[in-house]
Amino acid sequence: MHREEMVRRVRERAAQQEPWDIAVIGGGATGMGVAVDAAARGLDVVLVEAYDFGKGTSSRSTKLVHGGVRYLEQGNISLVMSALKERGLLRQNAPHLVHDLAFVVPNYSWWEAPFYGIGLKLYDMLAGKYGFGTSKVLSKEETLERLPALEPEELRGGVIYYDGQFDDARLLIHLAMTAAEHGAAVVNYCPATGLLRDADGYVNELTARDEETGEALTIRAKMVVNATGVFTDTIRRMADAEVEPLLVTSQGIHLVFDRSFLKGDTALMVPRTSDGRVLFVIPWHEHAVAGTTDTPLDGPSVEPKPLEEEIEFILETAGRYLTRPPTRADVLAVYVGLRPLVKGDGKTAALSRDHVIHVDASGLLTITGGKWTTYRHMAEDCVDHAITLGRLPDEPCSTKNLRIHGYLRDSEGLGALEVYGSDAEAIRTLAKDPALGMQLHPALPYLAAEVVWAARNEMARTVEDALARRTRALFLNAKAAIAMAEPVAKLLAAELGRDEAWVAAQVKEFRALAEQYCVR
Ligand SMILES: Cc1cc2nc3c(=O)[nH]c(=O)nc-3n(C[C@H](O)[C@H](O)[C@H](O)COP(=O)(O)OP(=O)(O)OC[C@H]3O[C@@H](n4cnc5c(N)ncnc54)[C@H](O)[C@@H]3O)c2cc1C
């Protein structure tokens with residue numbers, strides 16, 4: 001996957017005046033899922049992403065591949081069933097990235113064991129053949145065995161159930177590679193800047209800008225798909241300034257701690273916090289991640305910031321359940337994601353979590369909402385619509401059994417390189433060079449070889465790409481990531497042919513960004 005090659009293909013296609021079948025705007029889970037689905041059906045696809053792949057919400061999730069226990073309570077059985085099926089398909093198609101995780105709901109009142117016990121049995125049942133494990137009511141001793149860091153006072157027992165866990169940004173990069181392997185052109189740092197309409201008023205062209213060169217690019221397409229998450233309405237207004245907004249935005253934050261705050265391999269799930277939400281504390285990449293919140297916002301932003309009250313809320317709520325309550329000084333990183341919620345009345349937590357496909361009078365096809373877990377199903381639905389509306393060749397969807405790049409069974413022996421799946425061997429080979437076998441920071445397992453690999457094969461263009469999404473350093477330990485910025489900039493400069501001024505500018509830019517991931 002090489003950026004120069006991708007841009008060259010876009011340029012050549014424009015010169016030939018040949019339209020693409022589908023042009024996708026937005027390189028998050030939704031847009032990349034559409035690119036994979038369409039390319040795997042043999043359609044001619046181009047995708048443009050304004051920043052890096054996964055810069056938006058898709059790298060900022062809770063990292064769960066799940067049916068959504070919470071939606072059961074809302075009675076949304078079909079949403080849960082469909083997500084549980086997708087959970088099973090994703091583990092089947094990307095076993096190197098999705099694994100089972102045990103969750104314990106601790107019970108401090110007499111009614112919680114039967115209440116959650118029955119609810120989670122229903123969750124097991126709805127998963128059917130895609131089940132991840134059987135839920136069970138636990139004694140107090142069994143609960144503490146699973147969650148040794150849990151507050152034992154007044155604890156009565158717990159309920160254990162199973163869901164999936166993944167690395168969101170890594171899956172996204174592997175989806176981009178899958179799309180490219182099926183012939184899609186995917187370009188990062190290439191924002192869509194305008195939409196043009198034909199004589200009948202239908203969108204048939206988009207303009208984009210190559211942020212690295214400033215070059216204006218023209219992309220003609222039979223169908224344009226808008227998959228820009230919380231920026232959905234901005235894109236819709238490019239085609240028609242008068243459209244009614246579809247979305248409202250809310251944000252959710254996560255705090256990351258040292259793994260000692262959550263001993264063992266089991267996640268803690270608090271089904272009802274004081275604001276009526278679910279709180280998870282989960283083991284992830286040898287750290288503990290706690291989240292999330294749901295704070296309505298006035299509008300979207302590219303790099304959302306945590307609110308003080310959100311940080312306090314998570315510290316306070318997690319602290320109530322852990323023997324060692326975490327403090328601000330224990331936070332290694334804070335990250336924020338934005339939810340695109342399809343408009344309605346009432347509180348954001350009650351708004352639809354299902355995906356929505358919307359066709360404007362201009363023919364612009366928008367797909368939004370849903371969740372990471374259901375990206376494949378969303379893409380199938382979207383491409384089915386695009387085929388009908390754009391009169392494209394009616395090929396059936398093939399992603400149910402499509403292996404995602406990196407597919408590898410039994411990748412556990414690979415240690416920290418496990419997430420690369422079948423690419424891990426090539427990274428190990430690179431790391432045989434002593435300069436590339438070097439660990440970039442003692443607190444994190446990342447090697448210089450991973451940065452070189454990311455620049456050569458995964459279209460990493462900046463220090464942020466390497467530290468936020470190709471590795472997850474920024475999300476795990478922001479101060480360590482700051483310390484890694486300079487060596488990483490130098491490695492990238494050597495690969496991408498950049499000079500010292502670029503290195504200095506990259507380090508400065510990354511440090512300013514990473515400060516927002518620190519809690520002081
Ligand atoms: C706090 C939080 C936790 C979550 N946890 C989970 C979870 O554990 N499991 C789960 O299944 N789901 C989870 N979700 C939901 C899931 O993360 C989202 O549904 C999913 O990531 C949305 O992907 P997307 O592609 O629609 O949006 P995004 O990832 O935001 O992608 C949209 C992309 O469009 C790009 N873009 C914007 N404007 C332009 C333009 N002009 N030109 C080109 N590109 C443009 C943006 O840069 C961005 O990369 C969570 C969501 C939140 C907010």
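Since we're looking at a predicted model, the values are computed, not measured. Just so you know, ligand 1 is whichever comes first in the structure, and atom 1 is the first atom listed for that ligand.
In terms of polar-atom proximity, defined here as any N/O pair under 3.5 Å, T62 does make such a contact with ligand 1. The distance criterion of under 3.5 Å between nitrogen or oxygen atoms is met by A50 with respect to ligand 1. Checked by distance only, ligand 1 and T57 come closer than 3.5 Å through their nitrogen or oxygen atoms. Considering backbone and side-chain atoms together, T373 places an N or O closer than 3.5 Å to an N or O of ligand 1. Of the N or O atoms in R60, none lie within a sub-3.5 Å distance of an N or O in ligand 1.
Listed by atom number, the atoms of ligand 1 under 4.0 Å from V48 heavy atoms are 43 (C), 44 (N). Using a 4.0 Å cut-off to heavy atoms of G337, the atoms of ligand 1 that qualify are 53 (C). Under a 4.0 Å criterion applied to the non-hydrogen atoms of K63, ligand 1 contributes the atoms 8 (O). Numbered from 1 in the order shown, with element, the atoms of ligand 1 that lie under 4.0 Å from a heavy atom of S58 read 20 (C), 21 (O), 22 (C), 23 (O), 24 (P), 25 (O), 28 (P), 29 (O). The atoms of ligand 1 that sit less than 4.0 Å from any heavy atom of Y51 are 47 (O). The distance from ligand 1 to the heavy atoms of T292 drops below 4.0 Å at these ligand atoms: 1 (C). Every atom of ligand 1 with a heavy atom of L338 under 4.0 Å away is listed here by number and element: 53 (C). Interface atoms of ligand 1 facing G370, defined by a heavy-atom separation under 4.0 Å, are 19 (O).
Using a cut-off of 4.0 Å between Lys/Arg side-chain N and Asp/Glu carboxylate O, R8 and E5 are scored as salt-bridged. Using a 4.0 Å cut-off between charged side-chain N and carboxylate O, D37 and R41 make a salt bridge. For E312 and R328, the salt-bridge test passes: some basic side-chain N is under 4.0 Å from an acidic carboxylate O. Salt bridge annotation for D354-K371: absent, with no cationic side-chain nitrogen under 4.0 angstrom from a carboxylate oxygen. One finds no salt bridge joining D44 and K222 here, because no Lys/Arg side-chain nitrogen approaches an Asp/Glu carboxylate oxygen to under 4.0 Å.
Y189 does not carry R461 over the face of its six-membered ring by the limits of under 6.0 Å from the centre and within 45° of the normal. Remark: R220 is not positioned above the aromatic ring of W20, lacking an NZ or CZ atom under 6.0 angstrom from the ring centre and at most 45 degrees off the axis.
Scanning the protein for heavy atoms near atom 53 (C) of ligand 1, the closest one is R339 CG, 3.3 Å. Counting protein heavy atoms only, atom 16 (C) of ligand 1 is closest to W372 N, 3.6 Å. Counting protein heavy atoms only, atom 50 (C) of ligand 1 is closest to S61 CB, 4.0 Å. For atom 35 (C) of ligand 1, the nearest protein heavy atom (residue, atom name, distance) is E49 OE1, 3.2 Å. Ranking the protein heavy atoms by distance from atom 42 (N) of ligand 1 puts A192 N, 2.9 Å first. In this structure, atom 24 (P) of ligand 1 lies nearest to the protein heavy atom T30 OG1, 3.3 Å. Counting protein heavy atoms only, atom 31 (O) of ligand 1 is closest to G28 CA, 3.5 Å. For atom 27 (O) of ligand 1, the closest heavy atom belonging to the protein is G229 CA, 3.7 Å.
Ligand 1 is approached by I25 to a heavy-atom distance shorter than 4.0 Å. Note on ligand 1: H254 sits in its first shell, one or more heavy atoms being nearer than 4.0 Å.
Of the candidates V289, T228, L195, T228 brings a heavy atom nearest to atom 38 (N) of ligand 1.
Using a 4.0 Å cut-off between heavy atoms, L64 contacts ligand 1 through both its backbone and its side chain. Residue contacts with ligand 1, taken as heavy atom pairs separated by less than 4.0 Å, involve F231 solely via side-chain atoms from C-beta onward. Within the 4.0 Å heavy-atom criterion, the part of I235 lying near ligand 1 is the side chain and not the backbone. At a heavy-atom distance under 4.0 Å, no atom of S59 approaches ligand 1.
Checking each of K305, E310, R60 against Q251 for a side-chain hydrogen bond (donor to acceptor under 3.5 Å, both in side chains) leaves exactly one that passes, namely E310.
W372 meets the ring pair (Phe, Tyr, Trp, His ring centres under 6.0 Å) test with F166, Y375; sequence neighbours excluded. H174 is linked by a ring pair (Phe, Tyr, Trp, His ring centres under 6.0 Å) to H96, H405, counting only residues two or more places apart in sequence or in another chain.
Here the side chain of R277 pairs no donor or acceptor atom with the backbone of G291 at under 3.5 angstrom. With hydrogens and angles disregarded, a donor-acceptor distance shorter than 3.5 Å links the side chain of D167 to the backbone of R170.
Ring centroid separation for the pair F475 and Y517 comes in under the 6.0 Å cut-off.
Separating the OH atom in Y321 from the OG1 atom in T273 is a distance of 8.0 Å, to the nearest 0.5 Å.
Under the 30°/60° scheme for interplanar angles, the aromatic rings of F280 and H66 are found to stand perpendicular.
More than 12 heavy atoms of other residues, nucleotides or ligands lie within 6.0 Å of OH in Y407, so this atom counts as buried by the packing criterion.
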